[in-house]
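To start, the structure under review is shown below, and the notes come after it.
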Amino acid sequence: MNAILDVRGLKARAITPVLGLLCFLHFLQFLPLAARAADLDAEARKLTASLTQAEKFVLLRGYFAITTPKPAGAIGSAGYVPGIPRLGIPALQETDASLGITNPNNIRPGDTAVALPSSVATAASFDPVIAYHNGALLGREAAARGLNVVLGGGVDLAREPRGGRNFEYSGEDPLLAGIMVGAAVRGTQDQHVISTVKHFAANDQESQRNTLDVQMPWAALRESDLLAFEIAIEQGHPGAVMCAYNKLNGAYSCGNPTLLNTILKHDWAYPGFVLSDWGGVHAVGDFAAGLDQESAAELDAQRFLADPLRQAIAAGTVPQARLDDAVTRILRSMLAAGLIVPPPAPASHDSLPEDVATARHAASAGIVLLRDQNDTLPLPGTLHSLLVVGADGDAGVQAGGGSSQVTPVGGYAREIPLGVSNALSFFRVSALDPPSPLAAIQARLPGVQVQWVDGRYPRQAALLAARVDAAIVFANQWEGESSDVPNLSLPGAQDSLIDAVAAANHRTVVVLETAGPVLMPWRDHVGAVLEAWYAGTGGADAIADVLFGMINPSGRLPVTFPAAEADLPNQAVAGMYLPVGAEVNVTYAEGADAGYRWFTRNRKRPLFPFGYGLSYSTYSLSNLRVQGGATLTVSFDIANTGARRGADTPQAYITSRTGKPGVRLIGWSKTTLAPGETHHVSLTADPRLLADFATQTNKWHIPGGEFTVGVGENEVDLPLTATTQIESRDLPP
Ligand code: BGC
């Protein structure tokens, strides 16, 4: 009898907070943002207070969930953190990542997913709406599998163009990267799934990522890598931030008090939680430095946030309040995402066709037309013969490697082992996502025999190319997590293949499937060049649509394409050829001037500049007006002067501040226009983009005086300029 009463009592205690929460969440949707934040804080604190000490520790410890047997309760994905069932707190089922829902080790047997284009491709769309829809797809597909944390939101800057994970990031500019990633995070979280942003911070290369010490002045970081995170967090309100593997100014990112406690949690008032990258925790002291949750703790040297932390709290070296704070942060993010009391499930429907369409739309919007001589493109439907060559174009499109690699719907089109290396062997397979570009091209030329040759023998390809109306050469470059590429040349004999085909046929189109910039010794000999990146499930159709003009290309480069490797700020990737685990320091020579800012500062003319991209139409910009004062407001007109409907992306840059030259993107507008149509565009600059970060005062400082603004089609080509006066002032951190 007593036992029954006890059980009833337990149940009653468990139900009360859940009912309370239900009313609370219903209420929440009617509250303005600040009130909602305060209520979330209060509710999370209340929930923390109802946990036992042992339950609090449950929430701090993640398990690796791609190994068999899976941890009890895990669905099978990158990570798992058990919940507290008696309070309706669900387990966190964490999945990678930004390019689709992954299935590492085939841990959910046979589960495939839509592969989105790489994040750098989405950044090339310069369209946050596309990033939002990609994020929503991730959230939807995660939720459909019972997964509730997407380890997405890669926002490290592509300051090292050979960096192996640049395809998971959103380019070299903090404003562009922050806005695009913030939109994707919002999209995911609107599906009631937590998203991370990662890898906090400056995980800008893969070589020696577990030991590398990035030595950069904090001011330079605040103006570049950290600004990208700051904007992404403001825009997307991610529930979690994943700290990085590398050290930053002497301390591991996951145990870096300046990074986590001071900047993220104090200066930015970030209310969510910090979870570690897999195997990224090095000491129990990381918890005091601001880490809240140890992911896949079995990958660390010890399970630091378990017994060692219990002992530290018992000994009083870590205050109980820190533990309660970490738990409150985790619960707050779960409450904010609606995980604790889930909203009613939407009516289920087959979202696959919708998701494939989303992926295809994103892939098309990110394709950048880099060159188009003598109207080589679009290819006319009246072609009588066509040759397609190279890069396994008969099978699929290139995918990047590592934890973000999706097992695509239909399975990989082809898998090519990359040989033994010192990197994780798990990641050393180059995979292609179906469907095949060759088939997509053939489908747009019914009745024409499209010829295919793999390109292994350039002379054979050239002989065939000489006999056809046009030739398309696919060229690719695999990149993946845990290693960087040694140089910016297309691997293998692809440059010779392109040269040979271009010499035989003046209507040669090169389609690049690369993670980022490559050198193009053949650029001036080919008719056209498209950068299609890693294009994912919708890639083949997107490429064919652009080639044949069903889609007017509108992508813009989110990274500089250098003319020569000697022009890069760092002549080699630090530590690349040392044995894994070598202690290496890197001081990125360009500092805050990542990417195009460094090229412009040093008067290096790139092969293709940041922001560059052509269209099948033409546009003109006029009537620039710039207003100063507290910040810059820029307005201008844009007109489609060509014969096709298309989207243009004019960009506004500061080109000098108080007489000192230096280029910074302050805004852009992607505008779709019918032929002859004109639009008026107005942009207001985020004042941080006018400022320097002063570490002495811990504030942004805008130097007052004359500012010059340039508006144009990329960071080099800025035909409209105007100057104005800006007030000197400090901004909060
Ligand atoms: C990667 C993270 C990823 C995690 C889980 C790590 O190796 O750096 O980006 O989310 O693994 O798979």
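As the structure lists them, so they are numbered: ligands from 1, and atoms in each ligand from 1. As the structure is a computational prediction, the values presented were derived from the model and not from experiment. We number each residue from 1, following the sequence as shown.
The shortest N or O to N or O distance between Trp278 and ligand 1 is not under 3.5 Å.
Heavy-atom minimum distance, Ala177 versus Leu157: CB-CD2, 4.2 Å.
Residue pairs meeting the salt bridge (charged side-chain N to carboxylate O under 4.0 Å, His left out) criterion with at least one member in residues 101-123, sequence neighbours excluded, are Arg108-Asp111, Asp111-Arg145.
Atoms of ligand 1 found under 4.0 Å from any heavy atom of Arg165, numbered from 1 in the order shown, are 1 (C), 2 (C), 8 (O), 9 (O). Using a 4.0 Å cut-off to heavy atoms of Glu481, the atoms of ligand 1 that qualify are 1 (C), 6 (C), 7 (O), 8 (O). When each atom of ligand 1 is checked for a heavy atom of Lys198 under 4.0 Å away, the hits are 2 (C), 3 (C), 9 (O), 10 (O). Those atoms of ligand 1 with a heavy atom of Ala78 less than 4.0 angstrom away are 5 (C), 12 (O).
Annotation: Phe200 is in aromatic contact with Phe229 [ring centroid separation under 6.0 Å].
In this structure, Leu291 and Val281 have side chains that are in contact, with non-hydrogen atoms separated by less than 4.5 Å.
No side-chain N or O of Tyr245 forms a donor-acceptor pair with one of Gln208 less than 3.5 Å apart.
In this structure, Met242 counts as a contact residue of ligand 1, since one of its heavy atoms falls inside 4.0 Å of the ligand. Close to ligand 1: Arg209, with a non-hydrogen atom less than 4.0 angstrom away.
The residue among Val150, Leu151, Asp96 with a heavy atom at the shortest distance from atom 3 (C) of ligand 1 is Asp96. Remark: among candidates Asn210, Val149, Thr95, Asp277, the nearest residue to atom 11 (O) of ligand 1 is Asp277, based on non-hydrogen atoms.
Neither the backbone nor the side chain of Glu168 comes within contact range of ligand 1; no heavy atom lies under 4.0 Å.
The side chain to side chain donor-acceptor pair (under 3.5 Å) search around Arg303 returns none, not counting sequence neighbours.
Between Asp204 and Arg162 there is no salt bridge, since no side-chain nitrogen of the basic residue lies less than 4.0 Å from a carboxylate oxygen of the acidic one.
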